Every structure is written in C-alpha cells, then in structure tokens.
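Just so you know, these numbers use all the heavy atoms, side chains as well, and skip hydrogens, waters and symmetry mates. Within every chain, numbering begins at 1; the chains are lettered A, B, ... in the order of the sequence lines, protein sequences first and strands thereafter. In this text the structure is predicted, and so the values were computed from the model without any measurement.
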Protein chains: 2
Amino acid sequence: MADKQDSKRGPEVKPRNWLVPVILLTLREWNSYGYELMERATAFGFEAMNPGTLYRTLRQMEKEGIVESSWETSKGGPARRMYTITDAGEAYLDFWAKALEQYQRNMDTFFRLYTGRPLRSEENDKKEE
Amino acid sequence: MADKQDSKRGPEVKPRNWLVPVILLTLREWNSYGYELMERATAFGFEAMNPGTLYRTLRQMEKEGIVESSWETSKGGPARRMYTITDAGEAYLDFWAKALEQYQRNMDTFFRLYTGRPLRSEENDKKEE
DNA sequence: CCATCTTATGTGCATTCTACACATAGATAA
DNA sequence: TTATCTATGTGTAGAATGCACATAAGATGG
C-alpha cells in the first residue's frame, strides 16, 4: 500500500516556478549558460535537471525580457549561449523573494499543525465532530 | 517593463502539490467534506480556492486510497460526501512532511544567497568570470 | 406553491510547468 | 573516422491547477 504513493503522487516538493528564480539568482552573481546552470540548479533540489526543460525555460525568460543572451565562441568546445540578467530580471527576482516569504509562513503554519501545536483559533474547537 | 512580470509569469508562489497534504492534515484532525475543506484551505495560501479543483482532487485521493468517503444526509441542506483519512493517508502525510523539510533547506539556501550571504563553497570564487 | 438563494457536488476545457525521449552539432581524443 | 564530451535544442506527454459552467437538494420568502 505504501507503493501507491510513489506510483502516482509521490511528494514532489519542488515549488512551482522554482527554476526561473534559481536561474536569476545565479545570473545575478555571474553570467552563465545553460550547461553550467544545469549543474548549478542541483543545489536547489533539481537533482536530475533535464536539459530540455532548462533550455526552454531560458528561451522563455529571454522572451519575457528578464535575461539576455549572446553567443560565445572564444572558449574551447561548442559555442555557448551566454546569459545575462536584465534590470527587469533583478526586479522580478526581488518580487519573487518577497512572495517566497509569504510561502515560508504558510509552511510554518503547516508544520505547526502537523506537529500537533494547533493555531489556537476558534476553528480548533470543532475537533472530531 | 515591470508589467511583463504580471502578464506572463507573475510570482505565483502557490506551491505545487499542496492541496493534498493540506486536505490530509485537516482530515487527520476531524472528518470533513469538500465545501468545508475549501474554506479551510484558505489558511494555506489558496486564497480563491476553486470548487472544481478541490472536488476533483478529493475523488483522485480516494482512488489512491489515502481517503475514504460516505454520504451524510443527517444534517440539514444537501447531502455531504464526508471524507475520512486512511492509514495510507496518514503514512503519506508523514512522508510528505519529511520531504517538506528538505524543501525548507532548499529555501534557506536560496535566501542565504539572495540576501548576499554566500555559501562559502568553492563555487563562489567563480564570481563574475 | 413557485421563485430564488444557499449549500454542496461535480464536468469540460485550457494553461502552465515540467519530465522524458530524442535530435543536432562543434570540438577533441583514440 | 569513429567515438566521446560539451552544448543546445524540439516534440510530445502528463500532472496540477484555474476558469467557466452544470446539477441538485433544502431553506427562505412572497
């Protein structure tokens, strides 16, 4: 019975839209490109980052104006599409970070209830109707 | 330019897969039904919970064996489909909570970098290549 | 007793994000 | 020249969720 979890609805606790802010955060520190960003994303819970997902996301981000790109051929190996964060991108990152704080509070709420320390609101008296 | 964020990819920091654990957490405290659970979900960042989404999720959860339901007609008003958490459901909730801890660590990582306190790993010397 | 409001449950369709599989191609090394 | 590594992509599918709409039982008011 415990298998059912894994088969259909395993706890994938990656928040929606993580990829974008993680990319932006990295690009704020140094310019980079898809292949490198893929490794970088590992630190944020994207264990087996798929190339396709990442590259498509980067293209989309450029369309939205939060990053810019240009080809780099100077280094050895195949050409790299180097990405830079834009002003709009930095603004977006700030916006996202604020929203994330709210999200963290929701997680706290969840844990407080989960660990058995209720919220001391009137809803609580309803227990076991 | 700042509008572009809202138009396409506004920071929707509603986590993915929250709905299921929030329902399970509530059902662990008291048996409930869709209409009531909808209001309950508000406390976890589902501001305008849509009925359709919730009811469909509940049905799916029953199919997976993490909740059970039966009609209740005793109370006034239309019949309610009352839901109960199963043992598998409680196990799933525990599993989810563990995964959530990992997620919290990822968020910490993100915030540490965002607020400018780097992780003191060797990657950091790469800055501005 | 008829309309309509509230409670309550549901379906259909679209979108967004992501996963998975596969394709392309330059550089390098055997 | 074949294989391998680096690097970038496309095509397709699926899951989670949103939005709009449908259904129906009971309560309420005229």
Side-chain angles (χ1 to χ4, degrees), chain A residues 4-23 31-42 44-64 67 69-83 96, chain B residues 5-23 31-42 44-64 66-67 69-83 96:
Chain A
K4 191 154 255 172
Q5 300 159 7
D6 296 308
S7 62
K8 302 231 64 162
R9 216 190 257 273
E12 299 287 342
V13 197
K14 295 169 193 172
R16 134 192 305 203
N17 292 346
W18 254 110
L19 199 46
V20 172
V22 163
I23 290 168
N31 298 338
S32 188
Y33 55 99
Y35 199 84
E36 190 183 56
L37 286 164
M38 216 158 46
E39 294 157 17
R40 171 77 171 167
T42 306
F44 292 96
F46 295 95
E47 281 152 45
M49 191 63 229
N50 188 273
T53 303
L54 183 74
Y55 288 115
R56 202 182 290 113
T57 301
L58 283 167
R59 290 303 198 84
Q60 180 64 22
M61 289 169 74
E62 183 157 29
K63 234 185 257 172
E64 288 164 21
V67 297
S69 77
S70 59
W71 287 103
E72 182 192 83
T73 45
S74 53
K75 308 284 195 309
R80 301 166 172 175
R81 188 187 284 275
M82 289 296 291
Y83 283 93
W96 210 88
Chain B
Q5 299 160 8
D6 296 309
S7 62
K8 302 233 64 166
R9 216 191 259 272
E12 299 287 341
V13 196
K14 295 172 193 166
R16 113 189 325 202
N17 293 345
W18 263 89
L19 199 46
V20 172
V22 162
I23 290 169
N31 298 337
S32 188
Y33 55 99
Y35 199 83
E36 190 183 57
L37 286 163
M38 217 158 45
E39 294 156 17
R40 172 76 171 168
T42 306
F44 292 96
F46 296 95
E47 281 152 46
M49 190 64 229
N50 187 273
T53 303
L54 184 74
Y55 289 115
R56 205 183 293 111
T57 302
L58 283 167
R59 290 304 200 83
Q60 180 63 23
M61 287 169 72
E62 184 158 27
K63 232 185 261 175
E64 289 166 20
I66 58 180
V67 296
S69 77
S70 59
W71 287 103
E72 182 193 83
T73 45
S74 53
K75 309 283 195 311
R80 300 167 173 175
R81 188 187 285 275
M82 289 297 291
Y83 283 93
W96 208 88

From D/dC19, C/dT9, C/dT18, nucleotide with atom closest to B/Pro51 side chain: C/dT9
Distance below 4.0 Å between B/Tyr35 side-chain N/O and C/dT9 OP1 or OP2: no
A/Tyr33 vs D/dA7: side-chain N/O to OP1/OP2 distance below 4.0 Å: yes
Residues forming a side chain to side chain contact (heavy atoms under 4.5 Å, CB included) with A/Thr53, sequence neighbours excluded: A/Leu19, A/Met49, A/Asn50, A/Thr57
Contact pattern, 5' to 3', of nucleotides 22-30 of chain D - B, S or - by protein heavy atom under 4.0 Å: ---BSS---
Nearest-angstrom distance from the residue atom CG of A/Leu54 to P of D/dT10: 13 Å
Atom pair CD (A/Glu36) and CG (A/Asn31), whose distance is rounded to the nearest 0.5 Å: 10.0 Å
Sugar-phosphate, base or nothing in reach of B/Gly52, heavy atoms under 4.0 Å: base
Side chain proximity check, B/Val22 to B/Leu37, heavy atoms < 4.5 angstrom: no
D/dT8 OP1/OP2 closer than 4.0 Å to side-chain N/O of A/Arg80: no
Under-3.5 Å donor-acceptor pair between B/Arg81 side chain and C/dG10 base: no
Terminal helix-axis angle for the helix from C/dC1-D/dG30 to C/dA30-D/dT1, with five pairs defining each axis and rounding to 10 degrees: 10°
Spacing of B/Glu36 atom CD relative to C/dA8 atom C1', expressed in whole Å: 12 Å
Gap separating the CE atom of A/Met82 from the CD atom of A/Glu72, nearest 0.5 angstrom: 5.0 Å
